[in-house]
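Before any comments, here is the structure.
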Amino acid sequence: MKYELVIGLEVHVEMATQSKLFCTCSASFGAEPNENVCPACCGMPGLLPVLNKKAVDLAIAAGLVTNCRINPRSVFDKKNYYYPDLPTSYQITQFYDPICTDGFIDIAVNDNKKDPINTKTIRIKQIHIEEDAGKLLHAPNSDQSMIDYNRAGVPLVEIVSQPDFRCADEAIAYIEKLRSILRYAGVSDCKMEEGSMRADVNISVRKPGDESFGVRSEIKNMNSLKAIARAIEYEYRRHVDALELGTEELVQETRRWDDTHNRSYAMRTKENATDYLYFPNPDIPPLDISDNWIASVRNALPEMPDVKKARYMTEYALSDYDSAIIAGNKDLADLFDATCGLHPEPKEIANWIIGELLALMKKDDDETAVARIDAPRLAQLIKLVSTNRINRLNAKKVFAAMYRENADPLDYCEKHNLFSESDDTLIKQVINDIINANPKSVEDYKSGKLKAKDFLFGQAMRTLRGNGDPAVIKRLLEEALG
Amino acid sequence: MTEDTLDTLAAFNKLRLSSHERQTLYKELTQLLDALAPLSSADTSQTEPMIQVNPLGTVMREDTVIPMVSRAEILVNAPEHDQGYFLAPRVLE
Amino acid sequence: MHTLDALTLANQIRRRDLTAFEVAKHTLSRIDADTNNCFLYTTPETALVAAKRIDARLEQGDCPSPLAGVPIAIDDTILVRGDRCTAGSRMLDNFISPFNATVIDKILAAGLIPVGRTNTDEFGVCGSGDTCYHGITLNPLDSSNLAGAAAAAISSRLVPLALCADTLGAQRKFASQTGTIFLKPTYGKVSRFGLVPYISSAEQIGAAGATIGDTAALLNIIAGYDPKDGTGIPNSDLIPPEPSQDLRHLRIGIATDYWTTLGRTGTATLTETRERLTALGATLQDCPLPQQQTDILGMASMALQIIAAAEGCNNFSRYDGIKFGYRPQTYATLDDISINSRSESFGREVKKTILFGSFVLAQQQYEAYYLQALKIRRLIQQQLAQALQTYDCLLIPASTGQPYHKTNPEANARQCLTDTHYTAPATLAGYPAVAAPSPAVTQERCGIQFIAAPNNEQILFDIVNLSTTDSLIP
């Protein structure tokens, strides 16, 4: 590679609080426009900001799971600029003294069915708490902007990385890892499609071995991993072309990514203004965080994915790959852990989750679909299989029904005649075939050699490949033998 | 302060000054800055800035939703609104 | 009845010698006849309904406070639900507040009767009395000059009480020029929830009245911790209603350097005040507190101007004509709305504050101006705190006494800066201060100002209560 790609990421994550950061409006997603708005949220004078303690708890949690230093004192500043989605024309953020600094997370790159080949440490420069802005919508075929301030004031943590990424894969792996650990820590649901997790991507190129940084472009508000990968690729080529072929002059600027046309373009608005007139917010006293507070947040954290993965490998002897898949996703891990608590076959459970559940979710492209399967019913299904009450083929049908229609395994098997024991015809057929094929054994049995029945039984079991309830097979055999 | 600075400040603050305003304000602001010259003579090298006058600890509240006013009351003051949205001309990008 | 002070009036209403209703009616008709432009508008319907309600309660012997039934004026920067609140600006000329300021909730619960809104300098900026969009207010004692509208309303006995915000200190200055009293509380004692903001780190809603007893009673009603204001002080002592009988327990420091620089204008005031206080048993001592331009206290006005401009510039940036406020007639783009709205509706002093504020916050100037001002603030607080360890309060002039002529806005703007010199120290430090008129004999208008340590409003009350017995307003 003639030029080295250098990427930094600023990831904005909406914290999972009920109310907003500095006022008591609801922070919920999806409300009617301007329903979750108080006078402060639309810039009216007279209200004063009071900090939401839960937001601080979650920010501390974010700092802990990213190995940051939690600063004992941090300050809220005002960042001043004019844009219609910013109701007061300033954003309350932490510019001078952020809550967390100097962390890191380890990411696994090139991770496929083999053991992960590359592990890389990405340094985190800082994490700070800030308010989100409202939403600007454009009515199509209209010269109007429509402004909704529901999102204005929703608490965010912004996680700023050092420019440690060297390719798109690393950036993607980082965001996925961040999403995993933040969901584990309960900081956010990190739904990129809903906007609760967004990334600003900073890209520059330089000659390998060069210590200094090239001209930087920033692409803001990316909310799709695929789009991020495409944008990075595009920008790399655009930068290289500019340097090699002189196609344009590179300037430090903010750009927007147009995924439909697969290109970026410079923003005409004054996002390139450099002076935000930062100053400490006089209405908000400094945020003091004690060691006790940090300890209580730490104690409330659940088992984190890396620890969990290691435990799956040692305790359940799951493979590295399988452990990583399940541990990486809190919903899957919760389902797995709960089901293991009800049924002692972890490898089976892992297979069902990875083989069946994930496959269906991928087909639907629906990450939230984990919720369709609950531990008790999954455990029940697996038990049915293990006790040979249904065969594996039928079990897959049941699973699909559980996933699509919320079916109950026992009811479904009952209704659709899937129990092996009810599949008498097959077993009877097999028994008949075996009796016909082994006349001598039948004779032996009839003359009092009980072991002959065992032999015939064994044959039947083998033919049915374990897919029949042994008790039923025994009964039918005895009936057939008379 | 130069006249260019004044123009930049006016632009940032979304203010359009008439040429008369510009002249008067420039004069007054330069006079004001001159009058502030003695400030730099104060020895503040050992002093921390004071943003809040009372040494209060961190003030916080519980994470409860308490709606304050209805959307209708919010929109009463809106110069233009439709279907719950505030309306304004389209932003150029 | 309008010559009575608020506490006496409340007493008569409680004894049912007068009804709140007739007092309210009388008040409203006098306001209608006012020629000094004290009031922007009155709220007769709500006032009379509230008066009837308090009358009914008092008939049952249920009296919510020592000021129940008393009419009160509300400054146009304090938000009242359902009322048009303009903060003296064209920008908010049609703004209807969707909520009550905390102080409003408190005075309503106490049975006071808000009768209307007083004029104010635009957003409280400058303090010259002639920046209000709705025109100037004249000084009832001298109609060729201006006055703050709340002070003028009390001075002309339209109302006995008013709530208004002390920003740069104009309320104290105008008190001294209208023969009235203004009590600025300790910063954080009175909730700023519902105050249209300008200098967030320093401004306070205070009590204006004709007597110190009235202002103290009003302060007791509006003070108190409000969880909706993160800068509020948690423990807030009230002023006990029974004043001290003498001042023998008090040591008063006379900040001589302030009085000397005032020249002859303050001499008679100081002499007269000194005599009175000594006769009441107080110990008076000269306390230098140097305040030349090169002294820390001498820089108070400069530091306050910088901090006020920085915070003001930011507090005014929300006004862009998009969500509420003045929407211009013509505009093509969204930027135009903001630019036209702000340019057409802000007055010159507000524009100047905005430009200056963003200048001092810009990266290049931040340290030399804004941070330097904040550091000087700390030094000022330290100096005052130190002086107030030796003395129970300090005595300085309330203003230069120079009148604000009604047709000279540029001179007035300059005059403001000079007068801020006397009000800035208490404002910056967040310390309580009271301004009272110069004793009648002197005819001087510089007034007297006492500054005490935080939460010591009791001392201010005692001193003024005993030392200003003459009423200076007809």
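Keep in mind the model is a prediction, meaning the values are calculated, not measured.
Cation-pi check for C:R327 over C:Y331 is met; the charged atom lies under 6.0 angstrom from the ring centroid and within 45 degrees of its normal. In this structure, A:K79 is positioned above the aromatic face of A:Y276, its NZ or CZ under 6.0 Å from the six-membered ring centre and within 45° of the axis.
Side-chain contact check for C:N100 versus C:L108: some heavy-atom pair is nearer than 4.5 Å. Two residues are said to be in side-chain contact when any heavy atoms from C-beta on lie closer than 4.5 Å; A:L58 and A:T17 meet this criterion. Between A:N71 and A:I99 there is no side-chain heavy-atom pair separated by less than 4.5 Å.
In this view, A:E32 satisfies the side-chain hydrogen bond (donor to acceptor under 3.5 Å, both in side chains) rule with no residue, not counting sequence neighbours.
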(message) Set out, in order, the CA-CA distance, both residues' side-chain angles and the distance that settles side chain to side chain donor-acceptor pair (under 3.5 Å) for A:W293 and A:D288, then state yes or no.
(response) CA-CA 10 Å; A:W293 189 354; A:D288 289 327; over 6 Å; no
(message) Walk me through whether C:R342 and A:Y82 qualify under side-chain contact (heavy atoms from CB on, under 4.5 Å).
(response) CA-CA 13 Å; C:R342 293 164 67 80; A:Y82 286 84; 2.8 Å; yes
(request) Show your reasoning for whether side chain to side chain donor-acceptor pair (under 3.5 Å) applies to A:K135 and A:N150. (result) CA-CA 8 Å; A:K135 269 206 199 128; A:N150 281 347; over 6 Å; no
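Ranked by non-hydrogen atom pairs under 4.5 Å with chain A, the options C:G357, C:A362, C:A87, C:S338 are led by C:A362. Contact tally against chain A (heavy-atom pairs below 4.5 Å) for C:L371, C:L361, C:I307: the top residue is C:L361. When C:N314, C:V196, C:D335, C:V360 are compared by the number of non-hydrogen pairs under 4.5 Å with chain A, C:N314 comes out ahead. Highest contact tally toward chain C, considering only A:D143, A:N281, A:V50, is held by A:V50 [criterion: heavy-atom pairs under 4.5 Å]. For the options A:P84, A:P282, A:C38, heavy-atom pairs under 4.5 Å to chain C are most numerous at A:P282. Interface check for chain A: of the options C:I199, C:I322, C:D229, the most heavy-atom pairs under 4.5 Å are formed by C:D229.
Using a 4.5 Å cut-off between heavy atoms, A:I147 touches chain C through its side chain atoms alone. Heavy atoms of C:A101 lying under 4.5 Å from chain A are absent altogether. Looking at A:N80, only its side chain comes within 4.5 Å of chain C, counting heavy atoms on both sides. With a threshold of 4.5 angstrom between heavy atoms, C:N315 approaches chain A through side-chain atoms but not through N, CA, C or O. At a 4.5 Å heavy-atom cutoff, the contact between C:F193 and chain A is made by backbone and side-chain atoms alike.
Atoms CZ and CG, on C:R192 and A:L47 in that order, are 11.5 Å from each other to the nearest 0.5 Å.
Contacts of residues 74-86 of chain C with chain A at a heavy-atom distance below 4.5 Å involve C:L79, listed in sequence order.
Taking 4.0 Å as the cut-off between side-chain N and carboxylate O, A:R216 and A:E218 do not count as a salt-bridged pair.
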